[in-house]
2 protein chains.
Amino acid sequence: MTVTTRRTQDQRSAKTRRLLLDATIQSLMEVGYANTSTAGIAKRAGVSRGAQTHHYPGKMDLIVAATEEMFANFATGLETLAGELRAGRLSYDAFFDAIWDGVLNGDWFYSSLEIIVAARGDDELRRQLAPLILDLHERFETTWSRTFVAVDPAVVSSRVALNLAMNVFRGMAVQAVLRRDEAYFLEMLAALKAVIAVHVRPAENG
Amino acid sequence: MTVTTRRTQDQRSAKTRRLLLDATIQSLMEVGYANTSTAGIAKRAGVSRGAQTHHYPGKMDLIVAATEEMFANFATGLETLAGELRAGRLSYDAFFDAIWDGVLNGDWFYSSLEIIVAARGDDELRRQLAPLILDLHERFETTWSRTFVAVDPAVVSSRVALNLAMNVFRGMAVQAVLRRDEAYFLEMLAALKAVIAVHVRPAENG
DNA sequence: ATATACAAACAGGTCGGTTTGTTTTTATGA
DNA sequence: TCATAAAAACAAACCGACCTGTTTGTATAT
């Protein structure tokens, strides 16, 4: 007879689900998709394999649910950061520094990279993830349009300029897997700021 | 008794090795690293599993060798393209179009992406691939410096500007896995050309 | 009591590596 | 030059480990 605090079913479910999703993201981050197994996730989460299959019957259910949470967190985080910029509490430079730091050192980018690459060879997974990405990009673009104004919208809109910047970050993060070269990335980051600054400036008090 | 043309051992080896490496790249491209197995590679190559283990004892030997070939091919391909630009047989716009087309539709980018992501969770693989990437980047930078001149080298050098462009391509290609949106990428490509053109111009007759 | 949450063992399949055996080419020496 | 030993290339079966999904059973909450 074990001593357990009495919890409602919803509380038990929510707790177990959170443990499983956190463990999934952590596993993707640490060992990659290829080495992420449902058994490993359950072990990390500290729940039994039966509990895992009960809440998420298949591996894909885990992945998709974890992705959903991950994307939502990142979108709100980015919007918060952009809000700081609009409020004048964050400089243009610091804004880019913060995004780059999040991409390189946060859980978000590499976990999603693992999932995206896995989806390339898995039709069903791709089908399930595509709408999540579309939604994420839409939220990004809303943030960009709200936070920056273009110098000459006919040439490069703020939306396009910031999408370019995000793609640079993506590309740099991929590079960083095999080339951890601080000086190189600082150089690129400075250049990126300069290049983007030609076409766009922060919209104060958006 | 089968009728076989007599071949030297070196010829037999070379043929089998080529078949295996081509099959490896093809498999990475089509089904991804996670679904790429040594048995599958041997089957694609049309050689026995014994032949495969003879020439490449482990899975990593196959991957590393295939990567080496892939990188070499891409570097020379890019240098050829840059040569066309320097010779005036290719416009600035067409040069970028060609690179983007190669990244999105060629075997190169996605195969290497699979390998890079796999290396993130595999210390030994990462250790073996890191020098290959370093070498590739060096060849890139040599090409950039030879092919473009900076408008204001103190702000953004040609080397940095083109590295930025390559990172944009990387990022866009990752996006394209889940978002195959022709119009979006055309828009981004046009903006990239415009943004880079501010800082750099082709060095005619390099 | 009954549905939900959790636990643990099982089954079919695949993968990577190893081992054992066969064929083809090359080197050797009378 | 030609028989033959040695080496390289190739073939196929096997093995232990792991993974996903399933099933059967138990505890907890409603």
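Here is the naming used below: chain letters follow the sequence lines, and residue numbers restart at 1 for every chain. All values reported here derive from a predicted model rather than from experimental measurement.
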Polar side-chain atom of [X] near backbone of [Y] as donor-acceptor pair, under 3.5 Å:
X      : Y      : answer
A:S27  : A:A23  : no
B:T80  : B:T76  : yes
A:S145 : A:T142 : no
A:Y33  : A:L113 : no

Write out a two-atom table: protein N or O, nucleotide N or O from nucleotides 6-8 of chain C, distance below 3.5 Å.
from, atom 1, to, atom 2, distance (Å)
C:dC6, OP1, A:T16, OG1, 2.8
C:dC6, OP2, A:T16, OG1, 3.1
C:dC6, OP2, A:H55, NE2, 2.5
C:dA7, OP2, A:S48, N, 3.2
C:dA7, OP2, A:S48, OG, 3.3

Strand contacts (DNA chain D) in residues 57-65 of chain A, 4.0 angstrom heavy-atom criterion: A:G58, A:K59
State which residues pass ring-ring contact (aromatic ring centres under 6.0 Å, His included) with A:W100; sequence neighbours excluded, sorted by chain then number. A:F169, A:F185
Taking ring-ring contact (aromatic ring centres under 6.0 Å, His included) as the test, write out the residues that go with B:F74, two or more places apart. B:W108, B:F140
Interatomic distance, [X] [atom1] vs [N] [atom2] [rounded to whole Å]:
X     : N      : atom1 : atom2 : result
A:K43 : D:dT20 : NZ    : C1'   : 17 Å
A:Y56 : D:dT20 : OH    : C1'   : 18 Å
A:Q52 : D:dG21 : CD    : P     : 8 Å

Show me the pairs that pass salt bridge (Lys or Arg N to Asp or Glu O under 4.0 Å) and involve [range], at least two apart or across chains.
range                       : value
residues 95-117 of chain A  : A:D97-A:K193, A:E114-B:R120
residues 53-75 of chain B   : none
residues 128-139 of chain B : none
residues 175-190 of chain B : A:R159-B:E187, B:R179-B:D181

Heavy atom of residues 111-128 of chain A under 4.0 Å from DNA chain C: which residues? none
Listed in order of residue number, which residues of residues 23-42 of chain A have a non-hydrogen atom at under 4.0 Å from DNA chain C?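 By residue number: none to list.
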Those residues that, when tested against A:R170, pass salt bridge (charged side-chain N to carboxylate O under 4.0 Å, His left out) (two or more places apart):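 Scan of A:R170 (salt bridge (charged side-chain N to carboxylate O under 4.0 Å, His left out), adjacent residues dropped) gives none.
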Can you name the salt bridge (charged side-chain N to carboxylate O under 4.0 Å, His left out) partners of B:R126, sequence neighbours left out?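 Checked B:R126 against salt bridge (charged side-chain N to carboxylate O under 4.0 Å, His left out); matches are B:D123.
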Pick one: which of B:N163, B:L164, B:L192 meets side chain to side chain contact (heavy atoms under 4.5 Å, CB included) with A:V168? B:L164
